[in-house]
Amino acid sequence: MARFVDAVKRLVVGRALPSEGLQETLLPKRLALPIFASDPLSSVAYATQEILLVLTLGGLAYLHFTTWVGLAVVALMAVVVLSYRQVVHAYPSGGGSYEVVSTNLGASAGLVVAASLLVDYVMTVAVSVASGVDNIISAFPSWNEHRTALAVGFVMLLATVNLRGLRESGRAFAAPTYLFITGIVVLCATGLIRWLAGDAPVAESARYGITPDPGDTDLAGLALLLLVLRAFSSGCTALTGVEAISNGVPAFRKPKSRNAATTMAAMGLIAVLMFSGITALALIADVRIAADTCRLTGFDGDCRTAPQLTVIAQLAAAVFGGTDGFGFFYIQAATALVLILAANTAFNGFPLLASILAQHRYLPHQLHTRGDRLAFSNGILALALVAAALLWAYDASVTSLIHLYILGVFTSFTLSQTGMVRHWNGELREGPAPAVRRRIHTARAINAVGAVVTGLVLVIVLLTKFTQGAYLAVIAAVLLWLMMRGIRRHYDNTDAELAVTDAAEAGALPSRVRAVVLVSKIHRPTLRALAYARATRPDALEALNVAVDAEEARALRERWDAYGIEVPLKTLESPYREVTRPVVGYVRAINSESPRDIVSVFVPEYVVGHWWENLLHNQSALWLKGRLLFVPGVMVISVPWQLSSSVRRRHRTVARAPGSVRRGVPTAVPRLAPPAPAGPDTPDGRG
């Protein structure tokens with residue numbers, strides 16, 4: 001069974017890599033862009049749509065605000081990209097916002113950023129995959145009933161690809177990202193050229209009217225401002241994932257900081273151009289879209305079941321001449337693929353951040369270990385499971401999930417830029433040269449503007465999205481923050497409890513060692529356990545049997561005396577046929593009589609060759625060991641006896657054990673010794 005599982009793992013994940021191969025996984029800029037920037041690049045596919053969905057709540061009259069909202073999003077993106085370029089140069093170790101805030105604003109503030117980003121990475125996977133499925137359904141409407149299953153399946157596929165390693169995932173995701181960029185550029189360029197030539201493309205929804213939501217008609221004053229601000233906060237989804245490059249600087253080739261900063265600049269420029277082009281083209285083509293399709297007057301089909309085409313799908317149909325041409329299907333395929341692959345930004349950012357947090361003891365240590373392919377496998381699997389559960393709970397609905405989104409991003413934006421301002425203040429206090437001082441003043445000004453702007457956006461997002469579902473993201477982040485504090489407290493308390501405070505303590509010996517061998521019957525495993533116990537030369541040695549059946553106990557005593565075994569046999573009465581309780585009670589009594597003594601309990605066990613044999617043997621021994629481990633001053637020692645079914649393993653050398661614990665270095669498993677002939681029965685731990 002283990003060999004079969006290992007073979008499947010090798011097929012899916014690939015052969016294990018040695019730690020020395022880590023340098024070979026470093027990324028050039030052409031691969032780093034699709035790996036770390038696929039989320040902000042792909043989010044342009046739905047950012048414009050989210051703006052339109054909010055503005056049309058008040059009806060068609062408010063669509064003219066789209067231009068101003070779009071310009072505000074572009075300006076914000078430029079500020080954030082410039083700000084994070086400073087982070088990349090100042091903190092190249094890969095901690096990103098978490099490292100900046102922890103270093104400059106304190107550990108608690110750093111955990112706020114970490115919790116916010118972890119929640120947002122989960123949302124990135126959920127929203128990106130759900131949006132990708134939306135675009136697939138736009139091309140194939142009959143697949144709408146399988147929306148959730150498709151989304152969960154794509155998450156599992158992404159996790160599998162990422163488990164194969166960073167470089168492998170980069171190769172897999174590079175082509176779709178560049179195909180998407182090419183397709184959007186061609187779409188926008190073609191549409192704008194047609195508009196300039198007097199043949200403006202017209203969306204199929206241009207003829208639709210939109211019935212305003214009750215309560216959102218005749219908006220003015222504060223109500224109108226809130227509508228525009230809500231549209232702006234929805235459009236800010238275009239900024240998700242911008243910080244991923246600052247988290248992944250160690251994955252770049254040298255010079256790491258410069259390559260990361262260049263990649264970030266390229267990402268910002270491409271994202272701004274695509275978002276601006278799509279927004280402009282949507283206004284030119286008179287795209288009409290509503291969250292509730294039944295609000296569209298003139299809509300063809302049953303509004304309760306038939307989905308409306310996404311904004312990207314409508315633009316592709318308008319520019320390339322319908323929904324049955326090559327251009328339409330190319331844009332839909334590229335958009336769906338890149339949106340699904342955009343979740344890869346989170347699949348790289350989440351495990352890296354979780355690894356750093358685990359290294360700082362805020363998350364379980366297992367998240368800091370690398371898997372077979374030198375990827376942080378445990379973090380990848382954790383992200384996939386949580387995101388899949390979220391998609392299942394929300395039926396893979398972008399409209400429902402989007403309200404939980406981007407709150408964490410702007411929390412980290414604001415705090416990291418504030419931390420950078422404090423960082424530059426510290427640099428200035430060291431008295432740098434005039435030229436360096438001018439550069440620091442410029443960088444500080446950029447980060448200060450970024451802190452103010454993103455802080456305002458954070459307030460806007462919180463106000464406009466809180467009651468729409470963002471409160472769930474806030475609750476999740478708070479619970480995660482408390483959990484991380486609790487984990488750190490546990491690790492600190494454990495270290496304090498285990499610390500050696502006296503040098504003499506290291507060489508202290510117990511007063512006496514008392515050995516107890518558990519016996520259920522006289523057979524070869526029992527004799528081996530007795531021999532091994534005697535070889536350890538304890539101060540006192542006895543065998544222990546629990547009399548579950550009086551006749552069996554009497555027969556065991558007779559055979560014990562007949563064989564002339566020199567070890568005294570102690571029999572415990574068990575009127576209620578229990579095994580574990582009498583043994584634990586007896587061992588506790590020994591420990592209570594002499595607290596400075598060590599009690600060594602020897603447990604005979606079988607080594608089997610098939611997984612199902614474990615169900616037939618060693619169960620009582622397993623329970624006993626589990627209980628005895630909680631008794632102070634007790635050492636539990638397993639004495640193995642290899643059954644014949646394990647013979648086939650004796651010549652097998654496993655270079656990398658399946659499921660072995662790693663810290664980057666694969667675990668070597670030595671060749672197993674040939675087993676001795678098997679005994680007639682299993683030691684069930686009743687002795």
Side-chain angles (χ1 to χ4, degrees), residues 34-47 50 114-136 147-164 166 169-170 172-173 176-177 180 237-245 247-248 335-355 367 375-409 412 469-470 472-473 476-477 480:
I35 285 179
F36 290 112
S38 55
D39 180 24
L41 291 177
S42 65
S43 61
V44 302
Y46 55 81
E50 293 305 316
S116 300
L117 284 177
L118 290 176
V119 170
D120 215 72
Y121 280 136
V122 173
M123 295 309 308
T124 294
V125 175
V127 172
S128 296
V129 170
S131 184
V133 170
D134 265 359
N135 279 273
I136 293 175
R147 173 190 299 273
T148 304
L150 283 170
V152 172
F154 282 129
V155 170
M156 295 305 146
L157 179 62
L158 284 168
T160 302
V161 174
N162 277 278
L163 287 172
R164 297 185 65 87
L166 197 61
S169 63
F173 300 154
T177 302
F180 171 73
T237 53
L239 278 77
T240 56
V242 169
E243 81 292 337
I245 292 178
N247 291 335
T335 302
L337 194 56
V338 80
L339 279 168
I340 292 170
L341 298 185
N344 192 58
T345 296
F347 272 107
N348 286 284
F350 183 98
L352 279 171
L353 179 57
S355 170
L367 293 172
F376 295 109
S377 304
N378 292 328
I380 292 171
L381 293 173
L383 174 61
L385 291 175
V386 177
L390 201 60
L391 285 165
W392 192 271
Y394 283 86
D395 297 322
S397 169
V398 177
T399 303
S400 300
L401 291 167
I402 203 73
H403 296 303
L404 285 70
Y405 204 19
I406 79 171
L407 192 63
V409 168
S412 65
L472 293 174
L480 191 55

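Values below: every heavy atom of this structure, side chains too, minus hydrogens, waters and symmetry copies. Residue numbers count from 1 along this sequence.
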Looking at [X] and [Y], what are the two nearest heavy atoms and their distance?
X	Y	answer
M156	A384	CE-O, 3.9 Å
A346	P351	O-CD, 3.6 Å
A388	V152	O-CG2, 3.9 Å
A126	L390	CB-CD2, 4.1 Å

With heavy-atom distances below 4.5 Å as the criterion, would you say the side chains of [X] and [Y] are in contact?
X	Y	result
F350	V125	no
Y121	L352	no
L337	F180	no
F154	I136	yes

Verdict with reasoning, L41 to V338, per side-chain contact (heavy atoms from CB on, under 4.5 Å): CA-CA 9 Å; L41 291 177; V338 80; over 6 Å; no
Which distance, rounded to the nearest 0.5 Å, do you find between the [atom1] of [X] and the [atom2] of [Y]?
X	Y	atom1	atom2	value
L150	L391	CG	CG	11.0 Å
L117	T124	CG	OG1	9.5 Å
T160	L381	OG1	CG	8.5 Å

Hits for side chain to side chain donor-acceptor pair (under 3.5 Å) against S355, two or more places apart or cross-chain, chain-then-number order -> H368
